[in-house]
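First up is the structure itself, then whatever we jot down about it.
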Amino acid sequence: MLEKPSVNQQGHLEIGGVDAVWLSKTYGTPLYIYDVRKIREKAAAFQAAFADLPVRYQVAYASKAFSTIAMIQLVDELGLALDVVSGGELYTALRAGFPAERIHFHGNNKSLEELRYAVRENIGAIVVDNFYELELLKTVSREIGKPVNILLRLTPGVGADTHAYISTGQDDSKFGFYLSTGDARKAYRAALTDDRFHLVGLHFHIGSQLFTPDAHVLAVQRLYKELEQWKSEFGWLPNVLNVGGGFGIAYTDGDEPTEPRRFIRPIVEAVLAECRARSLEVPEIWIEPGRAIVGEAGTTLYTIGSRKTTSGQKTFIAVDGGMTDNLRPALYQSKYEAIIANRADQTARERVTIAGKCCESGDILIEDIDLPEARPGDILAVFCTGAYGYAMANNYNRLPRPAVVFVEDGEARLVVERETFEDLIRHDLPLRDPARSRS
Ligand code: LLP
C-alpha cells in the first residue's frame with residue numbers, strides 16, 4: 001500500500017510540510033522532491049531490524065540508488081555505511097566528507113585507476129567480483145606496500161522473483177564468482193593464500209525490488225553448504241557475511257513489500273541456524289539497501305502540457321519530463337501512481353496515459369491512470385521516484401536534468417541545481433568559431 005498523500009487547505013499536495021505547488025513555482029519542473037523524514041525513518045527501521053537479534057551488523061546505503069553530496073552527508077549523519085559502485089560514486093562520497101573506512105566498493109569491471117584511487121584513499125573494503133580484479137589488486141597492493149581489504153562477491157545460483165534486468169544471483173549472472181563452477185572456491189583459496197589480500201568477508205546480492213526474504217534465505221543455505229567444506233579445507237572462515245540489498249518498496253497500491261524487521265529476521269535466523277548446525281562461528285551480517293532507503297521518499301513534480309485523444313479513445317496527457325528523469329517505466333515497465341498536485345482534493349474523472357516529452361514512443365510514464373480532468377499548467381506529482389530516478393537521469397533529446405530539493409518540517413532546501421542549456425554543451429568542442437559564417 002502507498003502512504004496517503006497529505007493535502008493542505010488549498011487542496012494542494014504537501015510534502016514534508018511544504019506545498020508542492022509552491023515548490024513547482026519556486027524551483028520549476030520537472031523537479032525531484034525528497035521528504036527527508038522518510039529517509040530518516042527507513043534508515044532507522046533497518047537499524048532497528050537488527051536491534052533484538054544476537055548478531056553484529058552493518059547497514060550500508062547503496063548509493064547507486066541516489067548519490068549526491070547532500071544525500072551522502074545525510075547518510076553519514078544517519079550513521080550508515082556506504083556502498084559505491086564506481087570511481088564517480090566514490091568521488092562523490094569522499095567530496096561529501098564521508099569517512100573512507102565506512103565505504104565499500106562494488107563493480108564487475110573496476111579499472112586499475114578506480115582500484116588505485118579506492119585503495120589509496122583507504123576505503124573500508126573492495127568487493128572483488130572476478131579473477132581479473134584480483135590480479136589488478138595485486139598490482140595495487142604492491143604499489144602501496146600493504147595488503148588490500150577485500151570481500152569476495154559470490155554468485156549463489158539463486159533466482160529472484162523480480163524483473164530479469166535486476167536479478168543478479170542466478171547462475172548465468174554477470175556478477176560475482178560462481179559457486180556452481182567452482183570459481184568461488186578458487187577465488188577463496190587465492191584470496192586466503194596471498195598475503196597481499198586481507199579477506200574481510202563474503203558477499204552476495206540476489207536481485208532488486210524483492211518482496212520476500214525467501215531468495216536471501218535460500219542463498220544463505222546454499223552458501224553454508226559450501227562454507228562448511230571451505231572451513232574443513234582451509235581451516236578458516238571470514239568474519240563478515242554481506243547479504244546485499246534488494247528490499248522492495250510499494251510503488252503502487254497493489255504492491256505489498258515486507259517491512260525491514262520482517263525481512264531481516266528470517267535471513268539472520270537462517271545464518272544462525274546454519275552456523276549452529278555446522279558448529280561454525282556466527283559472522284557479522286551486513287546489508288546494503290538502496291531503493292528501500294530513498295525510493296518512497298521521492299516525488300517528481302511535472303507541469304502538464306499537451307493533450308490528445310486517439311481514434312481508439314485513448315487520452316494522452318504529456319508532461320515536461322519523461323524517460324530522461326525516470327527511465328524505469330521504459331526499461332522495466334515499472335508502474336507508478338500519481339495525482340494532480342494543485343487539485344489533490346478532487347476525485348478522478350477520467351482515465352489517461354501520461355506521456356513524456358521525448359522523441360520516443362516508449363516514453364510513457366504511466367499507462368492508464370485515473371485522474372481529475374487534467375489541464376495545461378496543472379502540476380502532476382508522481383510518487384516513489386526517489387530510487388534510480390535522478391540516478392539514471394540522462395540528457396536524451398538534450399533535456400537538462402531537473403533540480404533536486406530536500407524538504408523537512410516545512411522547510412525546503414535546494415540540493416542539486418537544475419542543469420542549464422550551457423551545461424549541456426559544456427564538453428562540446430566546436431569545429432569552427434560558431435560566430436564566423438561558413439562562407
Ligand atoms: N548491492 C548490490 C551489490 C547491488 O547490485 C544493488 C543493486 C544493491 C545493493 C541495492 O539494491 P536495492 O536495495 O536498491 O534494490 N536500476 C534498477 C535497480 C538496479 C539495482 C542494481 N543493484 C531499478 O531502477 O530498479
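All residue numbers refer to positions in the sequence shown, counting from 1. Quick note: numbers below take in every heavy atom, side chains included, and nothing from hydrogens, waters or symmetry partners. All ligand and atom numbering here is 1-based and tracks the order in the structure. Given the structure is predicted, the values throughout are model-derived calculations rather than measurements.
The residues Glu408 and Arg40 are annotated as salt-bridged, a charged nitrogen and a carboxylate oxygen being separated by less than 4.0 angstrom. We find that Asp370 and Arg351 are joined by a salt bridge, their nearest charged nitrogen and carboxylate oxygen being less than 4.0 Å apart.
Note: an N/O pair closer than 3.5 Å links Lys64 and ligand 1 by distance alone. Some N or O of Gly290 is nearer than 3.5 Å to an N or O of ligand 1, by distance alone. Below 3.5 Å of separation, one finds an N or O of Gly246 facing an N or O of ligand 1.
Residue-ligand proximity, Arg291 to ligand 1, at heavy-atom distances under 4.0 Å covers atoms 12 (P), 13 (O), 14 (O), 15 (O), 18 (C), 23 (C), 25 (O). Within ligand 1, the atoms closer than 4.0 Å to a non-hydrogen atom of Tyr332 are 16 (N), 17 (C), 23 (C), 24 (O), 25 (O), numbered from 1 in the order shown. The contact set between ligand 1 and Asp83, taken as ligand atoms under 4.0 Å from a residue heavy atom, comprises 1 (N), 9 (C). Of all the atoms in ligand 1, the ones that sit under 4.0 Å from a non-hydrogen atom of Gly245 are 9 (C), 13 (O). Residue Arg153 approaches ligand 1 through these ligand atoms, each under 4.0 Å from one of its heavy atoms: 3 (C). Close approach to Met392 involves these atoms of ligand 1, each under 4.0 Å from a residue heavy atom: 16 (N), 24 (O). Close contacts between ligand 1 and His106 involve ligand atoms 3 (C) [criterion: under 4.0 Å to a heavy atom].
Counting heavy atoms closer than 4.0 Å to ligand 1, residue Ala62 contributes side-chain atoms (C-beta onward) but none from N, CA, C or O. At a heavy-atom cutoff of 4.0 Å, ligand 1 is contacted by both the backbone and the side chain of Glu288. The residue Val85 has no part lying near ligand 1, judged by heavy-atom distances below 4.0 Å.
Glu233 CD: more than 12 foreign heavy atoms inside a 6.0 Å radius.
Panel note: side chain Glu121, backbone Ala118; no donor-acceptor pair is recorded below 3.5 Å. Not a single donor-acceptor pair under 3.5 Å links the side chain of Arg413 to the backbone N or O of Val407.
Every residue meeting the ring pair (Phe, Tyr, Trp, His ring centres under 6.0 Å) condition with Phe131, not counting sequence neighbours, appears here in chain and number order: Phe177. Looking at residues two or more places apart in sequence or on another chain, you find a ring pair (Phe, Tyr, Trp, His ring centres under 6.0 Å) between His106 and His104, His203.
Cation-pi contact between Arg401 and Tyr390: present, with separation from the ring centre below 6.0 Å and deviation from the ring axis of at most 45°.
Using a non-hydrogen distance threshold of 4.0 Å, Pro289 registers as a contact of ligand 1.
Proximity of the aromatic rings of Phe263 and Phe211 is defined here by a centroid distance below 6.0 angstrom, and this criterion is not met.
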